[in-house]
Amino acid sequence: MKLKIKEKEWLPMTQELLNWYKLNHRELPWRSSKEAYKVWLSEIILQQTRVAQGMSYYLRFCQNYATLADFAKAPLDDILKLWQGLGYYSRARNMHKCANQIISEFDGAFPQSYSELIKLIGIGKYTAGAIASICFDEAVPAIDGNAFRVYSRLFHISEDISKASTFKTFFELGQEIIPNDQSGDFNQAIMELGATICLPKNPKCEDCPIQHYCVARAKKAQQALPVKSKKVKVSQRYFNYLVLIHDSQVLIRQRGPKDIWQGLYDFPLIETKNHTKNRIFEFLNEQKWKDFEVLHRTEEYKHILTHQRLHIYFDVIEVRNWQDFKVFCQDNELERHEISELETLAVPKPIERFLQDEFPIQ
DNA sequence: AACCCGGGGAC
DNA sequence: GTCCCAGGGTT
C-alpha cells in the first residue's frame, strides 16, 4: 500500500495534534531538556517500560551520573545495581558500551543524525528517530508501540505490526506527514496520544484532537487495530537455589550470557525439569558433604517473565566444614561474599524478594 | 524471520 | 488470565 500524501496536505491535522500536545502533554522530567544524554537516558529506560515504572530510575540515574562522561566511567556493576528491578538488563550493558563508544569515537559528543545514531549499540530505529527529532530537529519519525497504534488507526492500516517488514510502511508514512519543523514535538505528540487517548482497549476517541481524520473511527474499526499476530509461548522452569553460608559469608556467582539476568548476581543453582524439592539432598551427597545443616527452606517463589514462568525455591544451608565451602567455591567460579554486603550487588527481582523477606535467618 | 531478553500494571 | 509498555540484539 502506497499512500499518496504530502506533509502539506496534512498540515491542518498536524497543527491540531501539535496544539493539543502543547496544551495537554504531561510534564515529565526528561521533557525539560533537549540535552542528548538526558534524552538518550530516558528513551532507553522507557523501552518496553511504562512512564510510571521508569520515572524513579530516570531521576536516580540523573542524580548519580549527571553527564555522559560520568556514566561512561562508572563501573558496569554500579550501572546494573542502579538498573536493578527494571528488567531487560541488556539495556544497561549496552548503554555502558554506547557511552564509552561515544567518548572514544566521537570525542564525548553525541552524534547528531539518525544515520549516525542508529549505528550505536542499544540505539535502534525507534530510539534513533526519537533522539534525532527531539534533540536535533531532524524530520524523521519515531515509531514505537504508540505510533504503531495511532498510525494504524488513523490510516486504517491492517498490516501485521509483528512482522519486521511492516515497520517500513509506518516509517515511510511518518516521513510523509511529519512537519519539517517541530518534528520532535510531533513525534512526542503521536506517542502522547497513544499513551493517553488512543488506548489499546478502550480508546477515548471523543477526546481525540484528530478524531475527524481517523479512518478507523469512521469505520468503527478502532478495536481491530493494530493487527498483531505474535504470541509468546511460555516455558516452565524450576530453580533450586543453594544459599550456602559459612561464618558471615555466602556463596554467590555472577550470571553469564545465554540466559536471563546476564550480569546480575545470584546463588548456586540447580535447575530441574519439575518440582523436585529433595533434589537438594542428592546434590549435597554428590558433593560428599556431611557437615552441614539446613537452616531454612522457603516455600515456592513464583516469578513471571515474558517467555518463562519460574518456580523458585531457596534452601539456606550452613556449611560447617570450611574446606568444603572453599573447594566448592573454586570448582564452580563462585565467590565468597560478606552477607552484609549483598545489598551492594545487582540481583534479580526474586532474589531481592528473598533477601528482603527471609534472609538472613534469625 | 524467529527468537531471546524483565518486570509491572490495566483490564 | 491476557495484553502491552516511548525496543533492540542475536542467530
Side-chain angles (χ1 to χ4, degrees), chain A residues 21 25-26 28-31 38-58 80 83-95 97-98 117-131 133-134 141-150 160-168 170-171 184-196 198-203 223 226-235 237 255-264 302-310 346-353:
Chain A
Y21 178 71
H25 71 81
R26 296 165 292 178
L28 302 172
W30 46 86
R31 284 183 171 157
K38 297 289 180 59
V39 172
W40 168 71
L41 196 52
S42 72
E43 292 299 343
I44 306 292
I45 285 174
L46 292 174
Q47 285 170 5
Q48 296 293 286
T49 304
R50 292 174 191 280
V51 166
Q53 189 187 1
M55 178 77 77
S56 65
Y57 285 86
Y58 173 79
L80 283 171
W83 198 272
Q84 175 178 314
L86 195 56
Y88 284 152
Y89 298 92
S90 65
R91 289 183 290 174
R93 300 193 305 270
N94 288 339
M95 281 180 91
K97 288 184 195 167
C98 179
L117 286 163
I118 202 169
K119 294 177 186 170
L120 297 171
I121 186 74
I123 296 183
K125 296 190 289 290
Y126 160 73
T127 306
I131 297 176
S133 63
I134 294 170
I143 310 296
D144 72 332
N146 291 307
F148 269 121
R149 189 167 56 254
V150 171
D160 184 352
I161 66 168
S162 297
K163 295 187 174 178
S165 57
T166 304
F167 184 90
K168 189 162 182 273
F170 284 76
F171 189 87
D185 280 349
F186 174 81
N187 282 331
Q188 292 195 80
I190 292 285
M191 293 188 279
E192 189 79 355
L193 194 68
T196 62
C198 197
L199 302 172
K201 293 283 178 60
N202 300 106
Q223 300 284 352
V227 175
K228 186 177 179 182
S229 67
K230 193 154 49 182
K231 304 273 191 273
V232 296
K233 82 173 182 187
V234 180
S235 62
R237 297 179 73 180
R255 293 183 62 88
K258 296 178 181 175
D259 201 355
I260 57 175
W261 302 326
Q262 182 183 341
L264 275 62
K302 293 178 181 172
H303 189 71
I304 298 172
L305 306 177
T306 302
H307 298 270
Q308 305 178 16
R309 180 182 298 270
L310 306 182
V347 298
K349 205 65 184 177
I351 305 286
E352 180 189 347
R353 285 168 52 203

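Side chains included, hydrogens not; waters and symmetry mates left out as well; all remaining heavy atoms used.
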Should A/Thr306 be listed as having a side-chain N or O under 4.0 Å from OP1 or OP2 of B/dC4? no
Tell me which nucleotide among B/dG7, C/dC5, C/dG7 gets nearest to the side chain of A/Trp261. B/dG7
Regarding A/Lys230, tell me which of base, sugar-phosphate or nothing describes its non-hydrogen contacts under 4.0 Å with the strands shown. nothing
Contact between A/Asn202 and A/Gln223 at the side-chain level, heavy atoms closer than 4.5 Å - yes or no? yes
Just by distance, no angles: are the side chains of A/Arg93 and A/Gln262 close enough, under 3.5 Å, to form a donor-acceptor pair? yes
Rounded to whole Å, the CD1-P distance (A/Ile161 to C/dC4) equals 7 Å
A/Phe148 side chain reached by A/Lys228 side chain, heavy atoms, under 4.5 Å: no
Can you tell me if A/Thr127 uses its side chain to pair, donor with acceptor, with the backbone of A/Gly124 under 3.5 Å? no
Can you tell me the distance, in whole Å, between the CG atom of A/Leu305 and the C1' atom of C/dC5? 16 Å
For the side chain of A/Met191, starting at C-beta, report the closest nucleotide among B/dG7, C/dA6, C/dC4. C/dA6
Nearest-angstrom distance, P atom, C/dT11 to B/dG6: 15 Å
Protein-nucleotide distance (A/Gln48, atom CD; B/dC4, atom C1'), rounded to Å: 13 Å
Taking the side chain of A/Ser165 as heavy atoms from C-beta outward, which of B/dG6, B/dA1, C/dA6 is closest to it? B/dA1
What protein N or O atoms touch nucleotides 9-11 of chain C N or O atoms at under 3.5 angstrom, if any, and at what distances?
{"unit_1": "C/dG9", "atom_1": "OP1", "unit_2": "A/Gly122", "atom_2": "N", "d": "2.5"}

The nucleotide from C/dG7, C/dA6, B/dA1 with an atom nearest the side chain of A/Ala164 is B/dA1
How far, in whole Å, is B/dC4 from C/dA6 if one measures between their P atoms? 25 Å
Considering only B/dG7, B/dC11, C/dG7, which nucleotide approaches the side chain of A/Asn202 most closely? B/dC11
Look at all strands and tell whether A/Lys163 reaches a base, only sugar-phosphate, or nothing, counting heavy atoms closer than 4.0 Å. nothing
Checking B/dG6, B/dC5, C/dC5 against the side chain of A/Gln308 (C-beta onward), the nearest is B/dC5
Between B/dC5 atom P and A/Leu264 atom CG, what is the distance in whole Å? 13 Å
For A/Tyr58, give me all partners under ring pair (Phe, Tyr, Trp, His ring centres under 6.0 Å), at least two apart in sequence or on another chain. A/Trp30
Using a 4.0 Å heavy-atom cut-off, does A/Ala130 contact any base of the nucleic acid, only the sugar-phosphate backbone, or nothing at all? nothing
Quick one: side-chain contact (heavy atoms from CB on, under 4.5 Å) partners of A/Glu352, sequence neighbours excluded? A/Gln84, A/Val347, A/Lys349, A/Gln356
Could you tell me whether the side chain of A/Met191 reaches within less than 4.5 Å of the side chain of A/Tyr126, counting heavy atoms only? yes
For a quick check of understanding: with a heavy-atom distance under 4.0 Å over all strands, which category does A/Gly54 fall into, base, sugar-phosphate or nothing? nothing
CZ of A/Phe167 versus C1' of C/dG8: gap in Å, rounded? 11 Å
Rounded to whole Å, how long is the line connecting atom CZ of A/Phe170 with atom P of C/dA6? 17 Å
Write down the distance between OH (A/Tyr88) and P (C/dC5), rounded to a whole number of angstrom. 12 Å
How far, in whole Å, is B/dG8 from C/dG8 if one measures between their P atoms? 22 Å
Could you check A/Gln47 against A/Leu199 and say which one's nearest nucleotide on DNA chain B is further toward the 5' end? A/Gln47
Hey, is the side chain of A/His303 poking within less than 4.0 Å of OP1 or OP2 on B/dG6, counting only N and O atoms? no
Whole-Å distance, A/Arg91 CZ to B/dG6 C1', equals 8 Å
For A/Trp30, answer base if it contacts any base atom (sugar-phosphate contacts may also be present), sugar-phosphate if it contacts only those atoms, and nothing otherwise; contact means non-hydrogen atoms under 4.0 Å. base
Quick note, A/Arg50 side chain, CB onward, closest among B/dA1, B/dC4, B/dG8 is B/dG8
Counting any heavy atom closer than 4.0 Å, what does A/Ser42 reach on the DNA or RNA strands: base, sugar-phosphate only, or nothing? nothing
Testing B/dG7, C/dG7, C/dC3 for proximity to the side chain of A/Gln53, the answer is B/dG7
Considering only heavy side-chain atoms of A/His307, the closest of B/dG8, B/dC4, C/dA6 is B/dC4
Which nucleotide in C/dC4, B/dG6, B/dG8 has an atom nearest any side-chain atom of A/Tyr89: B/dG6
Determine whether a donor-acceptor pair (one donor, one acceptor, N or O, separation below 3.5 Å) exists between the side chain of A/Thr49 and the base of B/dG6. yes
For A/Arg149 and A/Ile44, take the nucleotide of DNA chain C holding the closest heavy atom to each; which residue's nucleotide lies nearer the 5' end? A/Arg149
Can you see which heavy atom on A/Leu86 is nearest to which on A/Ile45, and at what distance? CD2-CG2, 4.0 Å
